[in-house]
Amino acid sequence: MKQEMMKIVSQRALAPRIFELTLTGELVKEMGVPGQFIHIRVPRADLLLRRPISINQIDAENKTCTIIYRVEGEGTKEFSVLQAGDLLDVMGPLGNGFDLSQLKAGDTAFIVGGGIGIPPLYELSKQLIAKGVKPIHFLGYASKEVMYYTDEFEALAETRFATDDGSFAQKGHVGHLLTEAVKTITPDAVFACGANGLLKAVEAQFFGQQNVQLSLEARMACGMGACYACVCHVKNDSTGKKSLKVCDEGPIFKAGEVIL
Ligand SMILES: Cc1cc2nc3c(=O)[nH]c(=O)nc-3n(C[C@H](O)[C@H](O)[C@H](O)COP(=O)(O)OP(=O)(O)OC[C@H]3O[C@@H](n4cnc5c(N)ncnc54)[C@H](O)[C@@H]3O)c2cc1C
Ligand code: FES
C-alpha cells in the first residue's frame, strides 16, 4: 500500500451520475489483484474521510488505472467536476481481492454484479480470461437509463442482463438470471459484487458450493484496519463477538463466512 498524488488522465460520464475516471501514477505498479480498492481523499478541506472506490481496470504498461463511481453525496460530487491534469491524493491498493488460484484453464466462472458493484468485476473478468477460464456475466441495473459498460462486458464474454423495472432485458434482479442459468450450467466458481440483497441471493443460490466469493461494502474511515469502523460479524460464531474488518480482511469474503 502506498500513497501518491495521482494525475487524472481523463474523466467521462457513462450514465446519469455515473463517471469513469482514469488515473496515472507509480501506485499502479502496486496493483494487480482484482477486487482491491483505492482510498481517495476528497479535494475539499472540510471532508476529512477518504472515499473507498474499487479498481475497475489496471493497465500496468501505460501506468494507468480506472475507477467507475456514482455520485452519491458531497465527496463523489467533488470527484465528478475534476478534469484531466488535476491531481488526486490516493492511498492503495487496499484490501484482499478476489482469489483466482483455485481456477484453471477450461473452468467456468459466474460473475454476478449489480449497479455500482459492477466496476471491479471488469478487471476480474479480464484476468480470468487471461487464465483460460470462461466467464459468464450476469449484470443487473435499476433501469435501462443507468446501464453502463454493457458493450465492454459483452466484448469480453457472454453477458446476461436484468433491470429492476424491466426497461431492458429480463425484469427483476439478477437472481432470476442465475436460477435460469444453473439449470444448464454448473460453474466452478462464482464471484459477486453489489447490494446486500444481491449478495444474499447469490449465497442462497449457491449454498454449499465451494468457490463462491462475495465483495462487501461498509462505511469506512481509516481504510487500513486500524479504526474498526467497517466490521461485519462472523457467521456461526457462538460467542457472537467475532468480527472481521471489510477494509483489510475483506472486501472479498467467502459465501457463508460473514453475516450479510
Ligand atoms: C470497498 C468499497 C468499494 C467501493 N467501490 C465503489 C465503486 O467502485 N464505485 C462507487 O460508486 N462506489 C463504491 N463504493 C461506495 C463509495 O465508497 C461511496 O458511494 C462513497 O464513499 C460515497 O461518498 P460521498 O461523499 O459521495 O457520499 P456521502 O454520503 O456524503 O459520504 C459520507 C461518508 O459516508 C461514507 N460512505 C457513504 N456511502 C458509503 C458506502 N456505500 N460505502 C462505504 N462508505 C460510504 C463516505 O466514505 C463518507 O465517509 C465502494 C465502497 C466500498 C466500501
Ligand atoms: S475502515 Fe478503519 S478498520 Fe476498516
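Atoms within each ligand, like the ligands themselves, are counted from 1 in listed order.
Counting atoms of ligand 1 from 1 in the listed order, those under 4.0 Å from a heavy atom of T76 are 24 (P), 25 (O), 26 (O). Atom numbering of ligand 1 starts at 1 in the shown order; those under 4.0 Å from a heavy atom of F37 are 1 (C). For ligand 2, the atoms lying closer than 4.0 Å to a non-hydrogen atom of G223 are 1 (S), 2 (Fe). For ligand 2 and G225, the ligand atoms under 4.0 Å from any heavy atom of the residue are 3 (S). Taking a cut-off of under 4.0 Å to the non-hydrogen atoms of A226, the atoms of ligand 2 that pass are 3 (S). In the vicinity of L49, heavy-atom distances shorter than 4.0 Å reach the ligand 1 atoms 49 (O). Close approach of ligand 1 to R50 (heavy-atom distance below 4.0 Å) involves ligand atoms 47 (O). Set against the non-hydrogen atoms of Y228, the atoms of ligand 2 under 4.0 Å away are 2 (Fe), 3 (S). Of all the atoms in ligand 2, the ones that sit under 4.0 Å from a non-hydrogen atom of A221 are 1 (S).
Annotation: atom 12 (N) of ligand 1 to nearest protein heavy atom, I53 CD1, 3.8 Å. What sits closest to atom 19 (O) of ligand 1 on the protein, heavy atoms only, is E72 CG, 3.5 Å. Nearest protein neighbour of atom 30 (O) of ligand 1, counting heavy atoms only, is E74 N, 3.5 Å. Counting only heavy atoms of the protein, atom 17 (O) of ligand 1 lies nearest to P52 O, 2.6 Å. Protein heavy atom nearest atom 10 (C) of ligand 1, with residue, atom name and distance: I116 CG1, 3.3 Å. For atom 31 (O) of ligand 1, the nearest protein heavy atom (residue, atom name, distance) is R51 NH2, 3.7 Å. Of the protein's non-hydrogen atoms, G73 CA, 4.0 Å is the one closest to atom 28 (P) of ligand 1.
No donor-acceptor distance shorter than 3.5 angstrom exists from the side chain of R12 to the backbone of S10, with no hydrogens or angles considered. A donor-acceptor contact shorter than 3.5 Å is absent between the side chain of S54 and the backbone of N56. Put simply, the side chain of S125 never gets that close to the backbone of L121: no donor and acceptor are under 3.5 Å apart. At distances below 3.5 Å, at least one donor-acceptor pair connects side-chain atoms of K131 with backbone N or O atoms of L103.
In summary, an N, O or S atom of C247 is located under 2.8 Å from atom 4 (Fe) of ligand 2. Among the atoms of C222, an N, O or S atom falls under 2.8 Å of atom 2 (Fe) of ligand 2.
Within the set A195, G250, S54, C193, the minimum heavy-atom distance to atom 8 (O) of ligand 1 is found for S54. Closest heavy-atom approach to atom 41 (N) of ligand 1 among the candidates M220, R44, E217: E217.
A salt bridge links K235 with E203: the closest approach of a Lys/Arg side-chain nitrogen to an acidic carboxylate oxygen falls below 4.0 angstrom. Comment: K171 does not engage D164 in a salt bridge, judged by the lack of any side-chain N to carboxylate O separation of less than 4.0 angstrom. Taking the charged nitrogens against the carboxylate oxygens, R44 and E74 do have a contact shorter than 4.0 Å, which makes a salt bridge.
With L100 as the partner, the side-chain contact (heavy atoms from CB on, under 4.5 Å) test is satisfied by one option alone out of L124, N211, V133: L124.
Residue contact annotation: I68 has a non-hydrogen atom under 4.0 Å from ligand 1.
With a heavy-atom cut-off of 4.0 Å, A218 touches ligand 1 through its backbone alone.
Within 4.0 Å of atom 33 (C) of ligand 1, at least one protein heavy atom is present.
Residue-to-ligand polar distances place R219 within reach of ligand 1: an N/O pair is separated by less than 3.5 Å.
If you check the side chains of S143 and S167, you find no donor sitting under 3.5 Å from an acceptor. Remark: the T66 side chain and the E20 side chain contain no N/O donor-acceptor pair separated by less than 3.5 Å.
Two rings, from Y122 and F153, have their centers less than 6.0 Å apart. For F19 and F79, the ring centers sit 6.0 Å or farther from each other. In this structure, the ring of F161 has its center no less than 6.0 angstrom from the ring center of F138.
Note: F37 and H39 have perpendicular aromatic rings, judged against thresholds of 30 and 60 degrees for the angle between ring planes.
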